[in-house]
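As the structure is a prediction and not an experimental result, all values here were calculated from the model.
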Amino acid sequence: MVKYAIKRILLLIPTLAVVLTLVFCLMRLVPGSPVYAMIEGEEYTPEEIYQLEEELGFHDPIWEQYLRYVGGILKGDWGESYVSHKPVMQAILNVWEPTILITIMATIITVVIAIPVGVLSATHRNSLLDYFVTSTSMASMTIPTFCWGLLLCYFVAYKMDLFPILGYEYIEKNGFWNAVYFAALPSISLGLHHVASLARLTRSTMLDVLNQDYIRTAKAKGLPRRKIFYKHALKNTLSIVATSIAYSIASMLGGSAVTERVFGIRGMGTLAVSSLTQRDYNQEQAIVLFTALICLGVNLLLDIFYKILDPRIEYE
């Protein structure tokens with residue numbers, strides 16, 4: 001298992017290199033310059049703007065800028081924000097908590113609801129329960145995350161007064177459970193959007209597994225239905241469903257800006273949008289790279305999870 005894990009970690013290096021290169025190049029393709037955000041509210045002549053860009057190295061060859069940036073990353077220096085003039089990692093560490101907590105809670109909500117619902121739908125195929133789950137899933141998939149957020153804000157927070165509408169309380173200041181309380185509605189709105197797709201995938205995968213020969217053999221031997229469904233079939237279903245969970249986590253991290261905006265929370269999504277608007281290259285690159293590291297870490301854990309579920313799995 002250790003050898004397998006080391007191989008998977010080494011395979012992440014090329015992926016990380018591709019992400020690093022793509023985000024660097026894409027940021028340079030965006031029209032505009034960070035200089036205009038730096039001098040906002042001040043009067044500069046075109047010559048002075050050109051001189052400032054020259055000092056920041058924006059007129060150097062693109063390969064030279066890239067090597068300088070990668071060299072800084074390898075040394076642990078992710079750069080400074082062109083707007084706040086502070087280390088970019090400091091800005092991320094100041095806002096990462098609500099985004100990560102909301103993503104974790106949303107993932108738990110998605111898994112806890114979607115997998116049992118998908119299994120029940122598959123084991124009661126063509127029943128009223130199956131039709132209800134299928135139709136409900138189709139309907140909920142069409143509702144955007146921000147709509148779930150607005151509905152929860154109005155009915156649960158405003159009308160029922162069960163949760164706060166806006167803001168977030170950090171764990172360090174007010175404790176873990178208070179942070180969970182403030183992150184509850186954003187997590188539910190983010191999780192509900194992914195429940196439908198995961199439930200449908202669980203149902204279809206479970207149905208496919210239930211048609212396998214070994215399941216028919218187990219039925220022929222007279223094993224209890226519960227043991228067949230939850231010990232034999234579900235185990236092989238989870239290896240495929242786990243992949244969808246990994247994509248959901250990446251989608252939640254990438255789409256957190258909308259949820260944070262609805263609930264008035266300043267997290268990594270909000271910081272990413274503002275950095276992109278201001279053409280803050282270093283800050284935006286750091287956010288994308290930080291998010292990529294999280295996603296790659298999740299995928300690594302899932303690969304190990306696959307290996308535990310099925311020791312026959314090998315990656316060349």
Do any pairs count as a salt bridge (Lys or Arg N to Asp or Glu O under 4.0 Å) and have a residue in residues 267-292, sequence neighbours left out, and if so which ones? none
Can you tell me how far apart CG (Leu29) and CZ (Phe24) are? Round to the nearest 0.5 Å. 10.5 Å
First locate atom OG1 of Thr123, then atom CE of Met206, and finally report the distance between them rounded to the nearest 0.5 Å. 6.5 Å
For side chain to side chain contact (heavy atoms under 4.5 Å, CB included), just list the numbers for Ile73 and Leu289, CA-CA rounded to whole Å, side-chain angles, deciding distance to a tenth of an Å, and then say yes or no. CA-CA 10 Å; Ile73 293 292; Leu289 187 58; 4.0 Å; yes
Show which residues join Tyr50 in its hydrophobic cluster (side-chain heavy-atom contacts under 4.5 Å, direct or indirect), or state none. none
Tell me the closest heavy-atom pair linking Leu207 and Ala122, and the distance in Å. CD2-O, 3.5 Å
With a 4.5 Å limit on heavy-atom distance, are the side chains of Thr21 and Tyr66 in contact? yes
Test applied, side-chain contact (heavy atoms from CB on, under 4.5 Å); reference residue, Ile115; option that passes from Val112, Val119, Ile113: Val119
In the single-linkage hydrophobic clustering (I, L, V, M, F, W, Y; side-chain heavy atoms under 4.5 Å), do Ile109 and Leu201 co-cluster? no
Do Tyr170 and Met105 sit in one hydrophobic cluster, given that two such residues count as connected whenever their side-chain heavy atoms are within less than 4.5 Å of each other, even indirectly? yes
Between Phe58 and Tyr281, does the ring centroid distance fall short of 6.0 Å? yes
Rounding to 0.5 Å, atoms OG (Ser121) and CZ (Phe132) come to a distance of 11.0 Å
Is Ile100 close to Ile294 at the side-chain level, that is, under 4.5 Å between some pair of heavy atoms? yes
With salt bridge (Lys or Arg N to Asp or Glu O under 4.0 Å) as the rule and sequence neighbours excluded, what pairs involving residues 122-134 come up? Asp130-Arg203
Kindly state each residue pair satisfying side chain to side chain donor-acceptor pair (under 3.5 Å) with at least one member in residues 104-120, sequence neighbours excluded. none
Do Val18 and Ile62 share a hydrophobic cluster, counting only Ile, Leu, Val, Met, Phe, Trp and Tyr and linking them when any side-chain heavy atoms are less than 4.5 Å apart? no
Check whether Ser197 reaches the backbone of His194 with its side chain - one donor and one acceptor, N or O, closer than 3.5 Å. yes
Are Leu190 and Val273 linked, directly or through other ILVMFWY residues, by side chains that come within less than 4.5 angstrom of each other? no
Considering residues, nucleotides and ligands other than Leu74, do more than 12 of their heavy atoms fall under 6.0 Å from its CG? yes
Interatomic distance, Leu101 atom CG to Ser187 atom OG [nearest 0.5 angstrom]: 6.0 Å
Do Cys295 and Leu253 come within less than 4.5 Å of each other through their side chains, counting heavy atoms only? yes
Side-chain (Thr205) to main-chain (Thr202) donor-acceptor, under 3.5 angstrom: no
Give, for atom CD1 of Ile249 and atom CD1 of Ile104, the distance between the pair rounded to the nearest 0.5 Å. 8.5 Å
Side chain proximity check, Arg261 to Val258, heavy atoms < 4.5 angstrom: no
Once ring pair (Phe, Tyr, Trp, His ring centres under 6.0 Å) is applied, do any residues pair with Tyr154, and if so which ones, sequence neighbours excluded? Tyr158
Does any part of the side chain of Met27, heavy atoms only, come nearer than 4.5 Å to the side chain of Val288, both counted from C-beta? no
Non-hydrogen atoms of Gly267 and Pro98 that approach each other most closely: CA-CG, 4.2 Å
Kindly indicate, with the supporting measurements, whether the criterion side chain to side chain contact (heavy atoms under 4.5 Å, CB included) is fulfilled by Thr270 and Val95. CA-CA 9 Å; Thr270 307; Val95 299; over 6 Å; no
For Asp213, is there any backbone N or O sitting under 3.5 Å from a side-chain donor or acceptor partner on Thr217? yes
To the nearest 0.5 Å, how far apart are CG in Asn282 and CD1 in Ile287? 11.0 Å
Using only atom types and a distance under 3.5 Å, with no angle test, would you say the side chain of Ser84 pairs donor to acceptor with the backbone of Ser81? no
With sequence neighbours left out, write down each residue that passes ring pair (Phe, Tyr, Trp, His ring centres under 6.0 Å) with Tyr131, or none if nothing qualifies. none
Partners meeting side-chain hydrogen bond (donor to acceptor under 3.5 Å, both in side chains) with Asn174 (sequence neighbours left out): Glu169
Over all heavy atoms of both residues, which pair between Ile265 and Gly167 is shortest? Give the atoms and the distance, please. CG1-O, 3.7 Å
Before giving the answer on side chain to side chain contact (heavy atoms under 4.5 Å, CB included), spell out for Val133 and Leu120 the whole-Å C-alpha distance, their side-chain angles and the decisive distance to 0.1 Å. CA-CA 9 Å; Val133 170; Leu120 284 174; over 6 Å; no
By the side chain to side chain donor-acceptor pair (under 3.5 Å) test, which pairs, at least two apart or in different chains, include something from residues 94-104? Glu97-Tyr168, Thr99-Glu260
Between Gln283 and Tyr82 (side chain of the first, backbone of the second, donor and acceptor by atom type, cut-off under 3.5 Å), is there such a pair? no
Sequence neighbours left out, what passes salt bridge (charged side-chain N to carboxylate O under 4.0 Å, His left out) with Asp77? Give chain and number order. none
Taking only residues two or more places apart in sequence or in another chain, which ones pass salt bridge (charged side-chain N to carboxylate O under 4.0 Å, His left out) with Glu172? none
Expected output: side-chain His193 to main-chain Ile143 donor-acceptor under 3.5 Å: yes
Run the numbers on Ser189 and Val262 for side chain to side chain contact (heavy atoms under 4.5 Å, CB included), then give the verdict. CA-CA 10 Å; Ser189 67; Val262 170; over 6 Å; no
If hydrophobic clusters are built by linking Ile, Leu, Val, Met, Phe, Trp and Tyr wherever their side-chain heavy atoms come under 4.5 Å apart, do Leu162 and Leu150 end up in the same one? yes
Mark yes when over 12 heavy atoms from residues, nucleotides or ligands other than Tyr181 sit less than 6.0 Å from its OH; otherwise mark no. yes
Would you please name every residue forming a ring pair (Phe, Tyr, Trp, His ring centres under 6.0 Å) with Phe263, sequence neighbours left out? none
Note: Met252 and Gly191 closest approach over all heavy atoms is CE-CA, 4.5 Å
For Ala246 and Asn299, the nearest pair of non-hydrogen atoms, with its separation, is CB-OD1, 4.1 Å
List in chain and number order the residues that pass salt bridge (charged side-chain N to carboxylate O under 4.0 Å, His left out) with Asp161, two or more places apart in sequence or in another chain; answer none if no residue qualifies. none
